[in-house]
Amino acid sequence: MVQTNTYKTDSNNLYRLMEDGKISTNYLMKHLITNYNPQKNINENNANNSDPSVEDILDELNQLIGLDSVKKLINEIIAYSEIQSRRKLEGLRIDSLVMHMIFRGNPGTGKTTVARLLGKLYKAMGILEKGHLIEIERADLVGEYIGHTAIKVKEQVKNAIGGILFIDEAYSLSRGGNRDFGKEAIDALVKAMEDNRKNLILILAGYNDEMEAFIGSNPGLRSRFPIEIVFQDYSIEELIKIAELMVEKREYKLSKSAKSKLFNILSLKRRQDGNHSGNARLVRNLIEKSIRKQAVRLKDSSIYSREDLITLTRQDFMDGE
Ligand SMILES: Nc1ncnc2c1ncn2[C@@H]1O[C@H](COP(=O)(O)OP(=O)(O)OP(=O)(O)O)[C@@H](O)[C@H]1O
Ligand SMILES: [Mg+2]
């Protein structure tokens with residue numbers, strides 16, 4: 001058993017204490033998941049008091065609309081860490097979980113949002129030191145002459161150490177065939193993953209089919225990226241809920257007619273552009289545009305109330321006015 005004063009520590013340190021076998025997983029669970037109170041999570045010894053706790057991050061995750069498979073996976077990761085530590089206490093063999101991942105999904109399905117949250121979660125759990133997200137694409141990794149690619153990859157890996165290196169449209173790394181430096185970038189990344197096993201997580205992201213082909217054509221990648229998450233397109237109902245969440249965060253609200261107008265716009269876009277219609281990204285763009293239109297509308301009318309300042313109306317979602 002540990003001393004009472006150790007109990008005052010924050011979630012980061014609790015995870016480390018559990019890893020070292022100094023506190024039990026039951027104790028940790030009780031504190032972090034059930035009885036945890038962020039207000040009490042103040043540790044005089046820790047300079048980063050503003051860092052969110054595991055509980056804060058789980059709350060943030062649960063606020064996201066849909067994304068059931070992501071929520072399930074994150075619960076599995078937490079449970080897995082728990083059980084591994086418990087096994088360690090019992091002297092049983094433990095394997096560390098390989099955290100590198102593949103995210104497959106259309107634009108605007110929440111890939112970047114989830115990657116950022118995972119970074120914060122891993123930091124709070126003590127898995128990653130910093131938990132920041134470095135989001136890059138092909139041009140940041142692939143050089144133009146011999147030796148250039150190695151330098152570029154090294155630089156990006158250096159920036160990402162302690163956090164997550166997120167490679168968007170990763171399939172484009174194998175685009176140029178044998179004479180392209182993309183292959184060299186993949187090899188250098190694989191080496192970096194192995195050299196920095198404990199303090200770097202790689203996420204390869206991209207559209208469904210392209211990612212499938214990319215992984216299929218690079219044997220060895222699948223086993224190195226054992227966790228694969230498919231981000232489904234949101235239904236129109238989910239997109240409306242996302243819109244409501246977005247406006248609420250900005251202290252606005254949608255009028256009933258604005259909501260039905262938005263529903264129509266989203267349905268039409270889905271019919272026209274299918275899976276590439278933009279999902280939650282399209283919603284964000286529409287909301288931001290409507291906020292600008294509302295501002296002009298109110299400015300033009302001489303009198304407006306507090307309610308008017310909050311409400312986005314159907315008019316604010318009309319095109320070309
Ligand atoms: N499930 C969700 N609930 C609430 N907001 C969401 C959700 N998914 C995405 N968003 C919001 O939608 C916007 C776009 O999401 P994000 O950038 O994570 O998508 P993405 O899959 O990375 O897109 P892209 O492929 O275009 O980079 C962000 O503002 C994000 O906060
Ligand atoms: Mg993104």
Side-chain angles (χ1 to χ4, degrees), residues 52 56-75 101-122 131-141 156 160 163-173 175 201-214 225 227-254 259 262-263 265-266 269-270 273-292 312 317:
D56 294 338
I57 298 157
L58 288 176
D59 279 352
E60 205 180 319
L61 175 76
N62 285 325
Q63 268 188 27
L64 293 174
I65 309 299
L67 296 175
D68 292 344
S69 58
V70 176
K71 291 172 183 168
K72 190 163 156 251
L73 173 81
I74 291 182
N75 278 322
M101 300 182 191
I102 292 172
F103 281 9
R104 295 198 296 155
N106 287 318
T109 46
K111 299 183 294 295
T112 302
T113 306
V114 168
R116 195 163 285 128
L117 256 174
L118 276 176
K120 288 199 272 179
L121 180 73
Y122 291 157
H132 62 304
L133 183 77
I134 300 282
E135 194 169 350
I136 56 167
E137 51 186 39
R138 183 190 151 92
D140 301 306
L141 292 168
Q156 297 300 343
I164 295 182
L165 185 60
F166 181 97
I167 306 176
D168 219 357
E169 298 186 34
Y171 50 84
S172 64
L173 288 175
R175 198 173 53 192
I201 291 176
L202 231 83
I203 298 181
L204 304 182
Y207 307 139
N208 261 324
D209 298 346
E210 283 94 338
M211 284 307 282
E212 190 54 47
F214 172 62
F225 292 84
I227 303 174
E228 193 164 330
I229 309 184
V230 178
F231 288 72
Q232 306 287 355
D233 289 323
Y234 295 113
S235 66
I236 306 293
E237 287 75 13
E238 283 174 326
L239 291 177
I240 295 288
K241 283 193 191 144
I242 290 175
E244 286 177 316
L245 193 73
M246 284 177 180
V247 295
E248 197 186 301
K249 279 194 181 152
R250 292 166 167 86
E251 294 195 351
Y252 284 87
K253 69 177 186 196
L254 297 168
K259 221 184 290 179
L262 187 58
F263 192 98
I265 298 174
L266 293 171
K269 275 275 183 199
R270 180 65 55 94
D273 305 337
N275 297 339
H276 293 267
S277 62
N279 281 285
R281 182 174 299 286
L282 170 66
V283 173
R284 195 174 80 188
N285 292 342
L286 289 168
I287 296 290
E288 284 171 359
K289 192 167 157 199
S290 74
I291 288 174
R292 292 194 300 272
L312 299 172
F317 288 88

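Start at 1 and go down the list; that is how both ligands and their atoms are numbered. Since this is a predicted model, take the numbers as computed values, not measurements. Residue numbers count from 1 along this sequence. We use all heavy atoms of the structure for the numbers below, so side chains are in, but hydrogens, waters and symmetry mates are not.
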For [X], take its heavy atoms, then give the atoms of ligand 1 lying under 4.0 Å from any of them.
X      : result
Met246 : 11 (C), 12 (O)
Leu64  : 1 (N), 2 (C), 3 (N), 4 (C)
Gly108 : 19 (O), 20 (P), 21 (O), 23 (O), 24 (P), 25 (O), 26 (O)
Leu245 : 4 (C)

Which residue holds the protein heavy atom closest to [atom], what is that atom called, and what is the gap in Å?
atom                    : result
atom 26 (O) of ligand 1 : Arg281 NE, 3.0 Å
atom 5 (N) of ligand 1  : Ile242 CG2, 3.7 Å
atom 19 (O) of ligand 1 : Gly110 N, 3.3 Å
atom 28 (C) of ligand 1 : Arg284 NH1, 3.5 Å
atom 9 (C) of ligand 1  : Ala280 CB, 3.4 Å
atom 1 (N) of ligand 1  : Ile65 O, 2.7 Å
atom 22 (O) of ligand 1 : Thr112 OG1, 2.7 Å
atom 7 (C) of ligand 1  : Tyr234 OH, 3.5 Å

Side-chain ([X]) to main-chain ([Y]) donor-acceptor, under 3.5 angstrom:
X      : Y      : result
Lys120 : Asp56  : no
Lys71  : Gly66  : yes
Asp140 : Glu137 : yes

Does [X] approach ligand 1 within less than 4.0 angstrom via side chain, backbone, both or neither, non-hydrogen atoms only?
X      : value
Gln63  : neither
Phe231 : neither
Val283 : neither

Yes or no on side chain to side chain contact (heavy atoms under 4.5 Å, CB included) for Gln232 and Glu238, after CA distance, side-chain angles and deciding distance?
-> CA-CA 11 Å; Gln232 306 287 355; Glu238 283 174 326; over 6 Å; no
Check the pair Asn279, Arg270 against side chain to side chain contact (heavy atoms under 4.5 Å, CB included), reporting the backbone distance first and the verdict last.
-> CA-CA 9 Å; Asn279 281 285; Arg270 180 65 55 94; 3.2 Å; yes
[atom2] on [Y] to [atom1] on [X], rounded to 0.5 Å:
X      : Y      : atom1 : atom2 : value
Ile102 : Ile167 : CD1   : CD1   : 11.0 Å
Leu204 : Glu228 : CG    : CD    : 10.0 Å
Ile242 : Ile236 : CD1   : CD1   : 10.5 Å

Any ion pair linking Arg138 and Glu169 (charged N to carboxylate O, less than 4.0 Å)?
->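 So Glu169 does not pair with Arg138 through a salt bridge.
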Answer yes or no: is there an ion pair linking Arg250 with Glu288, defined by an N-O contact shorter than 4.0 Å?
->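 Yes.
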Audit row: Leu286, Leu266, side chain to side chain contact (heavy atoms under 4.5 Å, CB included) steps and yes/no = CA-CA 10 Å; Leu286 289 168; Leu266 293 171; 4.0 Å; yes
NZ/Lys269: more than 12 non-hydrogen atoms of other groups inside 6.0 Å =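 No.
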Taking side chain as C-beta onward, heavy atoms only, is Ile57 less than 4.5 Å from Ile74?
->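 No. Closest side-chain heavy atoms not under 4.5 Å.
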Which protein N, O or S atoms lie under 2.8 Å from the Mg ion (ligand 2)?
->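 Those protein N, O or S atoms (cut-off: under 2.8 Å from the Mg ion (ligand 2)) are Thr112 OG1.
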Would you mind telling me which of Phe231, Tyr171, Tyr207, Phe225 makes a ring-ring contact (aromatic ring centres under 6.0 Å, His included) with Phe103?
->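 Testing each of Phe231, Tyr171, Tyr207, Phe225 against Phe103, the sole residue satisfying ring-ring contact (aromatic ring centres under 6.0 Å, His included) is Phe231.
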Give the single entry among Ile287, Leu67, Leu282, Thr113 that approaches atom 18 (O) of ligand 1 most closely by any heavy atom.
->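 Nearest option to atom 18 (O) of ligand 1, by heavy atoms: Thr113.
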